[in-house]
Amino acid sequence: ETAALADHERRSAAAVVIQSFGRSVICQRMAEDMKRQNREHNAVRMAAATTIQSKVRSLQCEKELSRRRLQACDMRNAATKLQSYWRSWACRAELAVASRHATTIQRCYNRFRITTG
């Protein structure tokens, strides 16, 4: 009976070791599954964050491009206005010179007419 009791205790101890090992394997697999799920979840979150960042950067670029286009348009308008002022001044200056020349010609002609007349 002592031998049977010792055999029973030995088998019980072996069963406890086997059950412990089985639970350990199950826990390790669960931990690996949880890690894998966590990695997958993080990958999805990273992809979502990347997509959001991409969209935000795209909107920022579109806004900056629109601002630069408007600025370029303003600069073209300013350049056109400067050209207009310059041409107007040059035209007035040319007209003033032509007017002085015409006046000189008229004065000379009138003097000639008076002296020969």
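One is the number of the first residue; the rest follow in order along the sequence. Just so you know, these numbers use all the heavy atoms, side chains as well, and skip hydrogens, waters and symmetry mates.
Interatomic distance, Asn42 CG to Asn38 CG, rounded to the nearest 0.5 Å: 4.5 Å.
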Without placing hydrogens or testing angles, list every side-chain donor-acceptor pair under 3.5 Å for residues 14-37, not counting sequence neighbours.
unit_1, atom_1, unit_2, atom_2, d
Arg36, NH1, Glu40, OE1, 3.4
Arg36, NH1, Glu40, OE2, 3.0

Taking distance alone, no hydrogens or angles, what donor-acceptor pairs closer than 3.5 Å link side-chain atoms of residues 43-54 to residues at least two apart or in another chain?
unit_1, atom_1, unit_2, atom_2, d
Thr50, OG1, Met46, O, 2.8
Thr51, OG1, Ala47, O, 2.9

When the side chains of residues 81-100 are checked against the rest of the protein, which donor-acceptor pairs come out under 3.5 Å, sequence neighbours left out?
unit_1, atom_1, unit_2, atom_2, d
Ser88, OG, Arg92, NH2, 2.6

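For residues 48-61, no residue pair satisfies the salt bridge (charged side-chain N to carboxylate O under 4.0 Å, His left out) rule, not counting sequence neighbours.
In this view, Glu1 satisfies the side-chain contact (heavy atoms from CB on, under 4.5 Å) rule with no residue, not counting sequence neighbours. Looking at residues two or more places apart in sequence or on another chain, you find a salt bridge (Lys or Arg N to Asp or Glu O under 4.0 Å) between Arg68 and Glu64. When the side-chain contact (heavy atoms from CB on, under 4.5 Å) test is applied to Cys61, no partner is found at least two apart in sequence or on another chain. With sequence neighbours left out, the salt bridge (Lys or Arg N to Asp or Glu O under 4.0 Å) criterion links Arg10 to Asp7.
Residues Arg67 and Gln71 meet the side-chain proximity criterion, which asks for heavy atoms closer than 4.5 Å. Side-chain atoms of Arg76 and Cys73, non-hydrogen and from C-beta on, do get closer than 4.5 Å to each other.
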